[in-house]
Each structure stands twice: as structure tokens, then as C-alpha cells.
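Here the structure is a predicted model, which means the values were calculated and not measured.
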Amino acid sequence: MGLRIIDVPRTTARTRDLVGPGGGPGRSAMTTSTPNTDPHRYDHAAIEKKWQSRWAADRLYEARDDDPREPYYLLTMFPYPSGDLHIGHWFAMVPPDVAARYQRMLGKNVLFPMGFDAFGLPAENAAIREGARPHAWTYANIERMRGQLHTMGSSFDWSREIITADPEYYRWTQWFFVQLLKHDLAYRAMAPANWCPSCQTVLANEQVVRGEDGLGRCERCETVVETRDLEQWFFRITKYAEELLDFSSIEWPERIRTMQTNWIGRSEGAEIRFKLEAAVAEWDAITVFTTRADTVFGATYMVLAPEHPLVALVTTDDQRGDVDAYVHSTRMATEIERQSTERPKTGVATGAYALHPFTGARIPIWIADYVLASYGHGAVMGVPAHDTRDFAFATQYGFEIPVVVGGPAWDGEPLSEAYTGDGRLVNSGEFEGLSVAEGKAAIAAALAEREAGGVSINYRIRDWLISRQRYWGAPIPVIYCPSCGPLPVPEDQLPVLLPEVAEFLPTGESPLALNAEFVNVPCPQCGEPAKRETDTLDTFMCSSWYFFRYPDPHNNEAPISGGLAKQWLPVDQYTGGAEHAVMHLLYVRFFTKACRDMGIVPLDEPFLRLFNQGTMTKDGAKMSKSRGNVVNPDDWVSKLGADAVRLYLMFLGPWDRGGDWDDSSIQGHYRWLNRIWALARLQQARGSDAESATRIRRLTHRMIAKASEDIASFRFNTMLAAMMEFTNALAKEPERGAVDGEAWDEAMRSLVLCLAPSAPHFAEELWERLGNAYSVHQQPWPEFDPALISAETVTLVVQVNGKVRAQLETMVGLDAASAQAVAEADASVQRHLEGKTLRKVVHVPDRLVNFVVG
RNA sequence: GCCGGAGUGGCGGAAUUGGUAGACGCGACGGUCUCAAAAACCGUUGAGGGGUAACUCUCGUGCCGGUUCGAGUCCGGCCUUCGGUACCA
């Protein structure tokens with residue numbers, strides 16, 4: 001037994017000198033700990049404080065632009081500075097931190113920045129509630145969270161920190177707006193907009209989520225949204241709809257790709273113009289979009305959305321009363337009841353008629369709220385026989401239901417429900433007998449020929465509404481001049497500073513509108529008195545380009561220089577929650593493509609790889625302030641250390657599945673670290689023992705292989721399990737007899753290296769105590785010897801009729817005959833074979849032998 | 001309704017993709033140390049049955065069926081649950 005416990009000096013003098021007097025950035029979260037004398041515990045408080053200071057002093061994690069090594073840009077979604085870093089932030093940020101540390105050990109020049117998404121409603125609401133100033137409130141929170149991020153032991157490069165509410169930052173947010181405006185990618189339009197009565201502002205479509213009751217609700221406050229007609233600024237994201245469907249150059253989770261694809265909602269079909277019997281104003285026809293042009297001969301009525309501009313024009317005097325009442329009632333009911341798919345169809349006739357493009361038949365024009373103004377042309381042709389909604393409507397109002405597609409089972413009788421399947425066209429003039437697919441093509445072609453329509457592609461996605469009637473955001477840099485019209489603020493006058501205002505109470509108009517000093521400004525073109533835009537930009541715009549800025553955060557000439565863009569972009573790995581699938585993650589892609597086309601950055605996609613972590617819950621419920629179940633890790637950090645909390649979060653399960661916070665198992669990780677600590681204090685008599693060396697080295701290299709594989713694919717839980725297993729096996733070595741000194745040292749060193757990304761403070765301390773040079777975080781990731789991970793013996797499982805009857809240690813590579821012989825020799829196996837007829841033997845090399853007997 | 005993901009011990013979760021189900025951790029139980037407790041360490045721990053014993057048998061991955069020598073894994077049909085989406089013409 002060649003092991004004894006020796007005492008290694010706690011801290012070297014050199015290190016102690018580098019820990020500054022104040023103790024560095026550990027800040028208030030650290031409790032003062034009594035000197036640790038327990039031999040079974042390591043002093044996490046002292047160690048974590050010490051190394052955090054040292055790393056900061058040494059700027060260990062700052063990425064340098066002139067570093068010749070391969071760049072690797074790893075980004076995790078930056079937080080909103082809500083005030084406290086809770087366990088959800090840890091759950092989101094620890095794994096990317098581990099990944100960043102791992103990539104550094106692989107020899108990459110890693111850019112792993114952090115910042116704050118600092119504009120937004122909570123600051124303003126806090127101001128209204130508590131009388132705080134949004135600016136002061138936000139920046140105090142940032143200060144606090146920055147400190148908490150330090151206690152996590154994160155390796156963010158703080159020299160590149162960005163805060164979206166800094167004028168140096170939003171100057172460029174505004175600049176991007178001006179560029180989009182100049183390239184006709186931003187426009188102002190009167191349009192029905194989603195209005196959140198609680199936030200007192202408009203919302204983009206993406207920011208309206210469907211509540212459990214099926215109603216459209218504000219993504220932030222869950223208030224049911226209303227529709228209002230307002231003049232607002234939009235970005236032309238629809239121009240990029242087609243390109244946004246192409247994910248071929250990026251590795252993103254299927255789930256997110258599907259959600260974006262569905263959101264964009266590409267639909268192939270045809271446009272059909274139905275001439276009005278009597279033209280009104282500039283309208284001589286109603287255009288509809290349909291995916292079923294093949295059924296055009298079955299159209300027996302047309303429906304306009306109640307909001308359709310033609311409604312007021314075509315309605316006959318007879319019908320005006322009913323139509324006005326219906327339009328009024330839809331307006332009142334707005335989204336609330338219209339969202340329900342269950343309720344019966346309603347509608348009224350306008351009294352006007354359209355003409356069928358092929359038969360010339362008179363077709364009544366109705367309005368009904370099942371037709372949405374925002375989709376297609378806000379008008380449909382009613383084909384009751386082959387559309388379930390039209391069938392319901394036609395049944396309700398007594399329209400004819402002529403069959404124009406005969407399915408294989410159709411007997412020529414009237415239908416009892418809509419038939420939407422394949423079949424042959426009937427009652428369809430010259431197109432008789434064609435299949436559905438042939439009919440679609442032939443009819444679209446015929447329509448084009450008659451200039452009555454043709455092939456068309458429609459998208460569900462709408463342009464991105466970016467105006468907000470709120471204070472705490474970047475002012476939209478536009479000036480309205482009575483004679484020159486709306487003009488962008490000249491670039492040399494950016495940023496348009498957000499003034500301190502006294503009144504934040506939302507009135508439906510931006511609080512900035514009350515500030516005369518802000519509003520009144522000379523026209524940049526003619527110099528006459530003009531007025532500033534008083535709305536602010538959607539904060540999703542701030543986060544649409546923030547990843548451009550980290551590579552070049554202090555550039556005063558441009559948002560990012562061409563050289564640095566080329567060096568660092570795109571982001572190699574992005575991580576964050578899936579809740580941003582069709583908001584942030586779609587906007588960023590649009591923004592990147594728009595910037596490419598404006599010649600600002602040379603890239604098609606912002607993020608090459610995306611990984612979405614799951615949600616961290618508490619007692620099965622989402623954590624939220626309103627539920628009062630938000631877990632703050634600070635207590636655990638002071639009790640057991642940041643490293644133990646990090647390990648706990650990583651060990652919970654697969655990262656993308658989330659996990660439930662249950663603090664009962666955290667101390668198991670602390671226990672594990674202490675066991676490693678104890679193992680490291682064992683110092684063997686320097687000796688060599690070939691048998692022990694082989695055994696230890698095999699264990700070591702197998703552990704490295706497993707850890708390498710798992711960390712690279714974000715499988716942190718199984719990586720740690722492999723390392724724990726290794727620790728257990730290593731701890732048993734001394735009991736087995738002589739221990740090989742060199743192999744033991746290699747084992748300890750490898751364990752510490754593999755642990756370094758996950759438990760950075762602990763590993764750094766142990767690395768030093770094992771006599772190695774600072775810093776463990778600058779060491780190469782250990783490599784494994786493939787020769788050592790292949791086993792020399794395997795467990796051969798012997799089954800009889802599929803049931804395990806023996807497990808035999810055998811040499812690797814036995815052939816079928818020898819394996820069978822070995823298996824048959826086993827007593828237990830023999831007992832089960834006795835008196836039976838052997839029908840078949842299945843042999844899987846180095847795995848199993850199965851005797852099939854009858 | 002439609003599109004995805006997931007159902008494995010008391011709990012969180014493993015399982016090389018068809019080859020020993022339950023790795024690793026938590027908890028629990030028993031023991032060592034202690035005046036005692038905590039901590040730490042050692043052992044046991046899917047359920048049930050048989051044996052003084054070393055041992056041994058049966059069942060077992062949401063449910064029902066199937067394919068296969070062999071199924072947590074593949075196929076068919078359900079159930080539950082979590083996301084997403086919903087009159088999109």
C-alpha cells in the first residue's frame with residue numbers, strides 16, 4: 001500500500017499576491033467563510049474568490065483580434081437586466097461557458113462575450129410603479145447582474161460588453177434603421193395593428209401569442225390584444241420570405257426550422273380575378289388566392305373579409321344596413337370571438353355580384369368574418385363541395401354545392417360533407433377528366449391566358465411592425481417636415497438621444513410626444529420647423545444585430561469593420577431558449593440578409609449552429625416572479641460553491657430537455673468534488689507497477705474518450721457520469737495493491753483537465769496543487785490513445801432462448817466456434833441446454849451467444 | 001383538430017441505435033467513527049418467489065397486438081403528457 005496523505009501548501013505566495021485587497025469581483029453574494037479546517041472539505045469560498053480575481057486580473061478570457069489561432073465565436077442570448085440573476089440564467093449560461101472553455105482547450109481563439117438587452121418595458125413599468133428612473137433602474141440592475149455573473153465563474157470577455165441602452169450602441173441601432181429606410185426595406189403605412197391595451201403599444205404579429213383560451217395575447221403581459229388602424233413603421237421581412245425558408249447552410253434544430261417554416265407559411269396556388277358585374281371606383285374585379293384553382297367551376301359565391309376596402313363600395317343600398325351592422329359587430333368582437341374555429345359561420349350578402357371567369361355565371365358577393373383581411377387578398381371564392389369551411393357556410397346560407405371533383409367513391413349524389421381528396425374533375429367544361437394536380441396547372445395556365453389570374457405563391461408572414469408607443473427604447477430617427485415629408489435623421493446627427501422625461505404613464509402615445517424640446521426640430525432638408533418621430537424601436541431590433549457588435553464593440557466609424565466582420569462572423573455556436581423561435585431568431589436572420597444586401601456584412605446567416613436548452617422548472621412549474629417560485633442560486637453558491645451548482649445543472653439531464661430544480665441532490669456534486677480533492681491528496685511512494693499502470697491507463701483513456709465525445713455534443717450529464725465512474729474506479733486502485741506512480745499522476749492530471757470546463761475554480765486550484773503551471777484553462781484538452789480504449793477482454797453474454805444464463809469474461813475476437821465452445825462449457829448454460837434439441841446458435845462477436853433450443 | 005418531443009426503480013436520469021435494462025447521481029436502509037449528532041467512509045437497494053448457504057427462478061421500460069433467436073429500441077393500434085400551431089383559402 002504505497003499511499004499516504006501529505007499536505008500540500010494551500011496557496012502559493014505568488015498567487016496570494018495577485019489576489020487584490022478587496023477580493024475582486026466576488027461582491028456581495030459571497031459570505032465570509034470561516035477558515036476551513038475540515039479535512040473532508042475543500043474551501044470553495046476561498047478558492048472561488050481567489051481564482052475569479054486572478055482570472056480577471058490576468059484578463060484570461062479576453063479574445064484578441066490579433067491572435068493567429070482559429071477563431072471560434074460562441075454566443076449565448078444576452079439577458080434582459082431584470083434585477084437578479086436567477087437559476088434559469090445559470091441553466092442557460094453554464095453549458096455555453098463549459099463549451100467556451102472546452103473550445104479554448106482545443107486551441108481556438110474563442111470569442112465568448114456578454115452584454116445586456118437593456119431597453120424594454122419592465123424598466124418603464126418599474127418607473128411607473130416605484131417612481132424609479134428607467135435609466136437608473138436598468139443600470140443598477142446591470143451592475144448587480146454583472147457581479148452575479150462573475151460568481152458563476154463564467155469566462156465571458158467583459159472587455160467587449162455591450163448595453164443596448166448605451167447611446168454608443170443605439171446610435172448604430174438607429175443607423176441601421178436609416179440604412180433600411182434608404183434601401184426601401186423600411187416603410188410607413190396605415191395598417192391594422194395589434195394593440196396591447198395593457199402595454200399601451202402596438203405589437204408585431206410575432207409578439208402576439210395564442211393563450212390557452214385560443215385568444216391572441218401579448219407576449220409580455222398576456223393581455224388579450226385588440227386591432228387598431230394606425231400609421232406605423234414596418235420592415236419588409238416578407239421580401240425575404242423565400243430565402244428565410246432555406247436552412248441548408250445552417251445546423252439548427254428541426255423544431256425551430258419547422259416553427260419558422262410554418263410561420264412563414266409558403267403556399268403555392270393561383271390568383272383568380274373575378275370581374276365585378278358593375279365596376280366601382282378603381283375596382284373592376286375581386287382577386288382571390290386559392291390553392292384549389294382546380295375547383296373553380298364549383299365556386300357558387302364569393303366572400304370578402306369585413307375589413308376589405310371594396311366592401312363599402314360594392315354594397316347595394318338594400319344591403320347597406322345589414323352589411324354595416326355586420327362590419328360593426330366584427331369590429332367590436334374583434335379578435336376575441338373570431339379566433340374560435342368552433343363557432344358557426346356567419347356572414348351577410350353585399351347585394352353585388354361577380355362574374356365567373358370561365359362560365360360567366362353571376363356569383364353573389366358576401367362578407368364573412370371567417371375570411372381574414374390579413375391573409376392572401378382578404379377574399380376567397382366559395383367552393384362548398386371541396387372546402388370544409390365553405391361547405392359549412394353554404395349549408396348555413398343555402399348556396400348550391402355542385403361537385404366538381406369526383407373521388408373514387410363518389411356515386412354522383414350530393415355530398416354530406418366537403419370532399420377534399422384527389423379525384424377527377426367533373427362539371428368543369430374543357431377541364432373535364434383531369435386529375436386535381438393537372439387541373440390546378442391547366443386552369444392556372446388558362447387564367448393567365450385570359451389575363452384573369454395565374455400561378456401565385458402566397459405567404460402567411462407579415463411585415464415586421466417596429467414602432468412602439470413607449471419611452472424606454474431607441475427613438476426612431478425620423479423627422480416629419482410639413483413640406484419635405486418624413487426624412488431620416490442625417491447620419492452625422494445620430495444618435496437621436498433619448499431624453500430624460502418626467503412622465504411615463506402610457507397614454508397610447510409615446511411619452512416622448514409630451515417633450516416639446518425633443519419633438520420640435522428644424523427640418524434637416526429645408527430648415528423649417530419640423531417634428532420628430534416620437535415612437536421608439538421594438539427592442540427586438542436591438543437584439544437583431546448585437547452579435548455584429550461584439551467583434552468590434554468600440555468602433556466609432558461603423559457598427560463593425562469589414563475586417564473584423566470577416567474574422568469573427570458568423571457565430572459558430574449560438575445557444576438560448578426556444579421561446580424566441582419565430583421572433584428573435586427570425587428577425588436576426590432577416591436582419592443579416594438585409595445587411596448583406598446593403599453591403600454591410602458578408603454573410604447569409606447569423607448563426608451556423610443553434611442549440612436550444614430546455615426550460616428549468618420548480619416543482620414542475622415554469623419559474624416566474626408572479627408564481628413566486630423563482631430560485632436564486634446565491635445561497636447555494638455560498639454554501640457549496642459555484643462549481644457544485646454548475647455541476648448540478650449540467651448533470652440534471654440532457655440540456656435540451658430542461659429540468660426541475662430540486663436542491664436535494666446538489667450536495668452530491670459537492671461530495672464528488674471533495675472525493676477528488678481527497679484523492680489528489682494521496683501521494684504514492686514513487687514506484688512502478690506494470691499491471692497497475694495498464695489498468696489505470698485504460699481507465700484514464702476511456703474516460704477521456706467518453707468525456708471528449710460528450711462535451712463536443714453538449715451531453716454534459718453523461719460526460720460527468722463517466723468522470724464520476726472514473727473517480728470511483730480510481731479510488732479503488734490503492735486497495736488493490738501496488739499503484740503505478742506515473743499512471744496515477746496521469747490519471748489525476750487528466751481528470752482535472754476534463755473537469756476544468758465544468759468546475760473551473762476547483763480544477764484550477766487542484767491543478768496548482770498538483771504542481772502544474774497556471775492556468776489549467778490554458779492547457780490543451782487531453783488526448784486519448786485509441787489503443788488503450790479497446791478492451792482486451794469482453795463480457796460474453798450467453799443466452800438460452802433469449803434469456804441470459806451466463807456472463808463470461810473472454811478474450812476479444814473469439815470466432816463463432818470458440819465462443820460457442822466456451823459458452824457450452826458453463827455449468828449454468830449446460831443445465832438449461834440439458835435434454836433439449838439445439839436448433840440454432842446466434843453469435844454476435846464479442847457480444848453474445850444465444851442457443852435456440854426446442 | 002393538425003405537426004413535433006417524451007413516457008424506464010422511491011426520484012433525476014443511463015443504455016454503443018436490435019444484443020447483460022436500470023450506468024451515474026439523489027434518496028432510503030444497515031454499519032464504522034462519535035458522549036451524541038452532523039460530516040465523512042463502507043455495504044445493500046427494480047418487484048416477487050425458492051433455498052441454511054454459495055445460489056436460483058419468475059416478472060419488469062405507459063397500454064394492446066405484431067416482427068425477430070432476441071425489442072426500452074422496429075411495425076400497427078391506443079392512452080397520458082409537454083411544446084408548437086390553429087377558419088391561412
Side-chain angles (χ1 to χ4, degrees), chain A residues 38-41 209-210 214 253-256 258-259 261-263 265-267 269 288-292 295 303 305 338-343 345 368-372 374-383 386-390 392-393 458-461 578-579 581-582 614-615 617 620 647-648 651-654 656-669 671-672 674-675 678 706 709 715 717-728 731 795-807 828 831 839-853:
Chain A
D38 188 335
H40 302 298
R41 296 181 185 214
V209 296
R210 192 153 300 259
E254 167 101 45
R255 196 159 111 252
I256 303 292
T258 306
M259 282 165 72
T261 302
N262 292 341
W263 186 262
R266 182 183 199 271
S267 172
V288 302
F289 173 78
T290 179
T291 53
R292 294 298 304 274
T295 64
V303 188
R338 286 184 74 179
Q339 303 287 354
S340 169
T341 57
E342 298 299 309
R343 97 206 147 95
K345 302 269 178 287
D369 64 6
Y370 81 89
V371 175
L372 308 176
S374 60
Y375 186 80
H377 296 279
V380 300
M381 62 177 190
V383 183
H386 305 293
D387 181 282
T388 49
R389 297 152 304 179
D390 294 346
F393 190 77
N458 191 54
Y459 299 91
R460 194 190 89 111
I461 190 173
E579 66 272 19
V582 293
T615 314
T617 55
L647 293 173
Y648 165 76
F651 194 70
L652 264 181
D656 53 358
R657 275 208 239 157
D660 195 60
W661 174 265
D662 170 19
D663 44 34
S664 68
S665 65
I666 302 179
Q667 47 119 358
H669 297 276
R671 198 142 59 197
W672 178 47
N674 280 312
R675 285 172 58 215
K706 177 70 176 154
E709 194 186 318
R715 289 199 300 263
N717 56 332
T718 49
M719 170 185 78
L720 293 178
M723 288 163 61
M724 290 172 183
E725 220 171 335
F726 176 66
T727 312
N728 294 344
T795 307
L796 187 73
V797 173
V798 185
Q799 299 180 334
V800 178
N801 283 348
K803 291 196 164 141
V804 179
R805 297 301 177 189
Q807 292 150 43
S828 169
R831 206 166 53 242
R839 300 201 191 280
K840 189 175 171 185
V841 180
V842 180
H843 176 239
V844 182
D846 294 338
R847 271 277 140 83
L848 95 161
V849 175
N850 186 12
F851 294 100
V852 185
V853 298

**Q** Please tell me which of the listed nucleotides, rC24(B), rC69(B), rU58(B), lies nearest to the side chain of Ala721(A)?
**A** rC24(B)
**Q** Looking at rA39(B), I'd like to know if its phosphate oxygens (OP1 or OP2) sit under 4.0 Å from a side-chain N or O belonging to Gln667(A).
**A** no
**Q** Rounded to whole angstroms, how far apart are OH on Tyr370(A) and C1' on rA89(B)?
**A** 8 Å
**Q** Checking the side chain of Ser267(A) only, and the main-chain atoms of Asn458(A) only, is there a donor and an acceptor separated by less than 3.5 Å?
**A** no
**Q** I'd like to check the side chain to side chain donor-acceptor pair (under 3.5 Å) partners of Thr615(A); sequence neighbours left out, ordered by chain and number.
**A** none
**Q** The criterion is side chain to side chain donor-acceptor pair (under 3.5 Å); which residues satisfy it with Arg847(A), sequence neighbours excluded?
**A** none
**Q** How long is the line joining CG of Leu652(A) and P of rA14(B), in whole Å?
**A**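 Nearest whole value for this atom pair: 11 Å.
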**Q** Dump the pairs, protein N or O against N or O of nucleotides 3-10 of chain B, anything under 3.5 Å, distances to one decimal.
**A**
none

**Q** When all nucleic acid strands are considered with a 4.0 Å heavy-atom cut-off, which category describes Asn728(A): base, sugar-phosphate, or nothing?
**A** sugar-phosphate
**Q** Using atom CG of Asp846(A) as one end and atom P of rG19(B) as the other, report the distance to the nearest whole Å.
**A** 15 Å
**Q** Touch check for Val380(A), heavy atoms < 4.0 angstrom, all strands: base, sugar-phosphate only, or nothing?
**A**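 Base: the residue Val380(A), judged by heavy atoms under 4.0 Å, touches a nucleobase.
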**Q** Considering residues at least two apart in sequence or located in another chain, which fulfil the salt bridge (charged side-chain N to carboxylate O under 4.0 Å, His left out) criterion with Asp387(A)?
**A** Arg389(A)
**Q** Okay, side chain of Asp390(A), backbone of Gly382(A): is any donor-acceptor separation there less than 3.5 Å?
**A**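 Flag not set: sc Asp390(A) to bb Gly382(A) has no pair under 3.5 Å.
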**Q** List for me each residue that meets salt bridge (charged side-chain N to carboxylate O under 4.0 Å, His left out) alongside Glu709(A), sequence neighbours excluded, and say none if there are none.
**A** Arg715(A)
**Q** So if I take every side-chain heavy atom of Leu372(A) and compare against rU58(B), rA89(B), rU85(B), which nucleotide ends up nearest?
**A** rA89(B)
**Q** Whom does rG9(B) pair with, Watson-Crick or G-U wobble, provided both distances fall under 3.5 Å?
**A** none
**Q** Looking only at the side chain of Arg847(A) (C-beta and beyond, no hydrogens), which of the listed nucleotides rG27(B), rC24(B), rG19(B) gets closest?
**A** rG19(B)
**Q** With Trp263(A), which residues qualify under side chain to side chain donor-acceptor pair (under 3.5 Å), at least two apart?
**A** Glu206(A)
**Q** Base, sugar-phosphate alone, or nothing: which one does Arg839(A) contact when heavy atoms must sit under 4.0 Å apart?
**A**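 Nothing, no heavy atom under 4.0 Å.
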**Q** Please give the distance between the C1' atoms of rU45(B) and rG9(B) as a whole number of Å.
**A**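 These two C1' atoms come out 10 Å apart once rounded.
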**Q** When you check the glycosidic angle of rG4(B), does it come out syn, meaning within 90° of 0, or anti?
**A** anti
**Q** Tell me which of Arg715(A) and Val852(A) sits closer to the 5' end of RNA chain B, going by the nucleotide each one is nearest to.
**A**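 Checking each residue's closest nucleotide, the 5'-ward one belongs to Arg715(A).
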**Q** Of all the nucleotides listed (rU20(B), rA89(B), rC26(B)), which has the minimum atom distance to the side chain of Phe289(A)?
**A** rA89(B)
**Q** So which nucleotide from rG19(B), rU20(B), rG25(B) ends up closest to the side chain of Leu848(A)?
**A**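 Nucleotide nearest to Leu848(A)'s side chain: rG19(B).
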**Q** Using the C1' atom as the reference point in each nucleotide, state the distance between rU16(B) and rG12(B) in Å, no decimals.
**A** 22 Å
**Q** Select from Glu725(A) and Asp660(A) the residue whose nearest nucleotide in RNA chain B is closer to the 5' end of that strand.
**A**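 Between the two, 5'-proximity favours Asp660(A).
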**Q** Sort me out a list of protein N/O and nucleotides 49-56 of chain B N/O pairs below 3.5 Å, or just none if empty.
**A**
none

**Q** Looking at rU68(B), which nucleotide sits across from it as a Watson-Crick or G-U wobble partner, both distances under 3.5 angstrom, or is there none?
**A**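 Base partner found: none.
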**Q** When we call it a touch if two heavy atoms are under 4.0 Å apart, what does Gly668(A) touch: a base, just sugar-phosphate, or nothing?
**A** sugar-phosphate
**Q** Quick one: list whatever passes salt bridge (charged side-chain N to carboxylate O under 4.0 Å, His left out) with Arg266(A), sequence neighbours left out.
**A** Glu242(A), Glu268(A)
**Q** Under a 3.5 Å cut-off for both contacts, is rC29(B) paired Watson-Crick or G-U wobble with anything, and if yes, with which nucleotide?
**A**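 Check on rC29(B): paired to rG43(B), both distances under 3.5 Å.
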**Q** Counting Watson-Crick and G-U wobble pairs only, both distances under 3.5 Å, name the nucleotide matched with rU73(B), or none.
**A** none
**Q** If I take atom CE in residue Met719(A) and atom P in nucleotide rA14(B), what distance separates them, rounded to the nearest angstrom?
**A**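 For the pair Met719(A) CE and rA14(B) P, the rounded distance is 14 Å.
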**Q** According to a strict under-4.0 Å criterion, is Arg292(A) in side-chain N/O contact with OP1 or OP2 of rC88(B)?
**A** no
**Q** Hey, is rU34(B) sitting syn or anti, using the within-90° cutoff around 0?
**A**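 Anti conformation for rU34(B).
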**Q** What is the distance from CH2 of Trp672(A) to P of rC26(B), rounded to the nearest Å?
**A** 12 Å
**Q** Write down the distance between CZ (Phe393(A)) and P (rC87(B)), rounded to a whole number of angstrom.
**A** 17 Å
**Q** Could you tell me which residues satisfy ring-ring contact (aromatic ring centres under 6.0 Å, His included) with His386(A), sequence neighbours excluded, listed by chain and number?
**A** none
**Q** Just call it for Asn717(A): base, sugar-phosphate, or nothing, with non-hydrogen atoms closer than 4.0 Å on any strand.
**A** sugar-phosphate
**Q** When you get a sec, tell me which of rG25(B), rC87(B), rA89(B) is the closest nucleotide to the side chain of Met724(A)?
**A** rG25(B)
**Q** Evaluate the criterion ring pair (Phe, Tyr, Trp, His ring centres under 6.0 Å) for residue pair Trp661(A) and Tyr648(A); output intermediate values, then yes/no.
**A** CA-CA 9 Å; Trp661(A) 174 265; Tyr648(A) 165 76; 5.0 Å; yes
**Q** If rC2(B) has a Watson-Crick or G-U wobble mate with both distances under 3.5 Å, name it; if not, just say none.
**A** rG84(B)
**Q** Mind checking the C1' distance from rG60(B) to rG7(B)? Whole angstroms is fine.
**A** 16 Å
**Q** In whole angstrom, what separates Arg675(A)'s CZ from rA39(B)'s P?
**A** 16 Å
**Q** So what's rA15(B) paired with, Watson-Crick or G-U wobble, going by both distances under 3.5 Å?
**A**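 Here rA15(B) is not engaged in any pair, so there is no nucleotide opposite it.
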**Q** Given side chains that start at C-beta, do those of Phe651(A) and Met724(A) come closer than 4.5 Å, heavy atoms only?
**A** yes
**Q** With Asn717(A), which residues qualify under side chain to side chain donor-acceptor pair (under 3.5 Å), at least two apart?
**A**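 Expected list: none.
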**Q** Do Arg675(A) and Asn728(A) meet the criterion of a side-chain donor-acceptor pair at a distance under 3.5 Å?
**A** yes
**Q** For Phe393(A), give me all partners under ring-ring contact (aromatic ring centres under 6.0 Å, His included), at least two apart in sequence or on another chain.
**A**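 If we apply the ring-ring contact (aromatic ring centres under 6.0 Å, His included) test to Phe393(A), skipping adjacent residues, the hits are Tyr301(A), Trp366(A), Tyr370(A), Tyr397(A).
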**Q** So Ser374(A), base contact, sugar-phosphate only, or nothing? Heavy-atom distance under 4.0 Å.
**A** nothing
**Q** Measure from NE2 on His386(A) to P on rA89(B) and round the result to the nearest Å.
**A**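 Rounded to whole Å, this separation is 17 Å.
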**Q** If you only use heavy atoms from C-beta on, which nucleotide in rA89(B), rC59(B), rA23(B) is closest to the side chain of Thr290(A)?
**A**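 The answer is rA89(B).
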**Q** Do Val842(A) and Gln799(A) come close enough that some side-chain heavy atom pair is under 4.5 Å?
**A**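 Val842(A) vs Gln799(A): side chains apart.
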**Q** I'd like a table of atom pairs between the protein and nucleotides 70-73 of chain B - only N or O on both sides, under 3.5 Å - with the distance next to each one.
**A**
none

**Q** Ser267(A) has a side chain; which of rA86(B), rA89(B), rC69(B) sits nearest to it?
**A** rA89(B)
